[in-house]
Protein chains: 2
Amino acid sequence: MESNPKSYHHGDLREGLLEAIRSLIERDGPDKFRIAEACRIAGVSTAAPYKHFSDRDEMLRGVALRGMMRLRDAMRVAVEAYPPRDPRRVAGLGKAYVDFARSEPGIFRLMFGLAESHHSDDALRRVSDASEALVERVVAEHIGADPGSDDVRLRAYALWCFVHGHCFLTLDGKVDPHKPGVEDRLLALVGDRMLPAWEGADRNPSGAA
Amino acid sequence: MESNPKSYHHGDLREGLLEAIRSLIERDGPDKFRIAEACRIAGVSTAAPYKHFSDRDEMLRGVALRGMMRLRDAMRVAVEAYPPRDPRRVAGLGKAYVDFARSEPGIFRLMFGLAESHHSDDALRRVSDASEALVERVVAEHIGADPGSDDVRLRAYALWCFVHGHCFLTLDGKVDPHKPGVEDRLLALVGDRMLPAWEGADRNPSGAA
DNA sequence: CCCTAAAGTTAGCGTTGCTTACATATGTAA
DNA sequence: TTACATATGTAAGCAACGCTAACTTTAGGG
């Protein structure tokens, strides 16, 4: 079962293909990559992938899933770098998200470009939900509230919206990459205005519009 | 030059194809739509499109451009619904953005999924820049600052990040559509915490981290 | 030591984007 | 009107790609 290049059997063709496809998507985009080229990289014939994947979409979902896992892991590592209630914990979480989008823009686009797969594929949803739960946990600790409360979920979602939007806009070139100060000032704006404004405020669910 | 269905010439095949492709993208997605089907809808042969577009990508860019224009126009209409410095102006701007993403999710994804086209296609960038300028103008009026200042641009960008992220996350089903109260509370959170916190604060660019 | 199943290969089919060569309509000028 | 150039359509077909069918090779268990 090892990955011997000489043997008739690849050893772990599924993982080998996923890695090949990942690199090709990063180079050409999700709808441009060719299966035949991934086969050539993995060193197999063009029919081999169909022993492991039903079709092209399943390959894409496999690559997206592994990307979701890497993002989730990166967020976990970033969170554990600082103790609870440390402001750098929230900032680090956002930074990990942005760093991932910057380092793997093609996969990031793929992950959030699969329109219907999020609802149908259970594995994708599970990993995505884990990341969401992590954000909620960190926000809950930060503002000292119950992790499951609607208030925390809403604020975590708001933070996620902000970071997620920033990722897509930077990927689309809406912010100049040759102006490194912008991102720092942006983080400072959110960190100084948004997060402190939350602390101890609106703890009661007042129905004010 | 009229669009007579009986005549040999279509009349305005370019626009007819763009509309047909738009509807197909909305139904099947940007990478799934087939040119032949758009031709059937427009009532021409499969070779006809290539008299107006060089290739598939140019058709997609054409559809994306018209989408950008619709979004820009919707934002303009929303802005003009309220006088300057009215808080509903900023809220309406964001709402127009979200409404567009909800009503045309396929085109919205297409518009922000074209990775390199934003840099290469001048027409796309021009319309996108116009929308960006509009956001900056409204934010500048709202906080009573100079439209071209770095401060305004940063705050406008922060607002855009937030709204843009919310659009993508709702499209990906990250927020339950059967909970209409969520969006209102989200807008209230941003409106009550974020925007008022901006007014008259941090007008001086202090270097505090 | 076979026998089964897993995992690979080769050949080829159908679809699809796109091109080439040809046909038809439109606008302009003699 | 007629002649011509150009724009815009059709028909036929090529090449590439996803995918399948039938066959071959290896791994592993009784």
Side-chain angles (χ1 to χ4, degrees), chain A residues 1-64 106 110 113-114 116-117, chain B residues 1-25 27-64 106 110 113-117:
Chain A
M1 265 289 188
E2 64 225 45
S3 196
N4 190 344
K6 291 284 190 176
S7 69
Y8 183 88
H9 285 70
H10 181 280
D12 197 354
L13 181 56
R14 184 183 167 88
E15 288 301 313
L17 276 174
L18 285 174
E19 171 54 25
I21 294 171
R22 188 205 58 78
S23 68
L24 289 178
I25 288 176
E26 206 57 67
R27 197 191 66 185
D28 302 331
D31 52 328
K32 293 285 206 306
F33 99 93
R34 289 173 298 131
I35 297 177
E37 194 168 3
C39 293
R40 193 181 50 75
I41 293 176
V44 292
S45 72
T46 60
Y50 298 93
K51 299 292 178 181
H52 302 272
F53 304 93
S54 66
D55 58 358
R56 195 177 195 275
D57 271 359
E58 194 172 310
M59 304 179 204
L60 284 175
R61 267 179 290 152
V63 172
L110 169 69
L114 299 173
E116 298 303 319
S117 302
Chain B
M1 264 292 186
E2 64 224 43
S3 198
N4 190 343
K6 292 282 190 179
S7 67
Y8 184 88
H9 284 69
H10 181 280
D12 197 354
L13 181 56
R14 178 174 230 274
E15 289 301 313
L17 277 174
L18 285 175
E19 171 54 25
I21 294 170
R22 187 205 59 77
S23 68
L24 289 178
I25 288 176
R27 197 191 67 185
D28 302 331
D31 52 329
K32 292 286 206 314
F33 99 93
R34 289 174 297 128
I35 295 176
E37 195 168 2
C39 293
R40 193 181 51 74
I41 293 176
V44 293
S45 72
T46 60
Y50 298 94
K51 298 292 179 180
H52 301 272
F53 304 93
S54 66
D55 57 359
R56 196 177 194 276
D57 270 359
E58 193 172 311
M59 304 179 204
L60 284 175
R61 266 179 291 151
V63 173
L110 169 69
L114 299 172
E116 298 303 320
S117 302

Mind listing the closest non-hydrogen atom pair of B:Leu18 and B:Gly62 along with its distance?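 It is CD2-C, 3.8 Å.
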Candidate nucleotides C:dT9, C:dG8, D:dT8, ranked by approach to the side chain of A:Leu13 - the nearest: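 The closest nucleotide is C:dG8.
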Residues two or more places apart in sequence or in another chain: which of them pass side-chain hydrogen bond (donor to acceptor under 3.5 Å, both in side chains) with A:Glu58?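 In terms of side-chain hydrogen bond (donor to acceptor under 3.5 Å, both in side chains), with neighbours along the sequence ignored, A:Glu58 is linked to A:Ser54.
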Which whole-number value in Å describes the distance from [X] [atom1] to [N] [atom2]?
X	N	atom1	atom2	result
A:Lys51	D:dT26	NZ	P	16 Å
A:Lys32	C:dG17	NZ	P	12 Å
B:Asp31	C:dT15	CG	P	20 Å

Under 4.0 Å from OP1 or OP2 of D:dA7: is there any side-chain N or O of B:His52 that close?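 Checking D:dA7 against B:His52, no side-chain N or O comes under 4.0 Å of OP1 or OP2.
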Looking at residues at least two apart in the chain, or sitting in another chain, which of them share a salt bridge (Lys or Arg N to Asp or Glu O under 4.0 Å) with [X]?
X	result
A:Arg14	none
A:Arg61	A:Asp121
A:Asp57	B:Lys32

Its contact letters, B for base, S for sugar-phosphate only and - for none at protein heavy atoms under 4.0 Å, make nucleotides 14-21 of chain D read ---SSBBB
Which pairs of donor and acceptor atoms, one on a side chain in residues 38-53 of chain A, lie under 3.5 Å apart (sequence neighbours left out)?
none

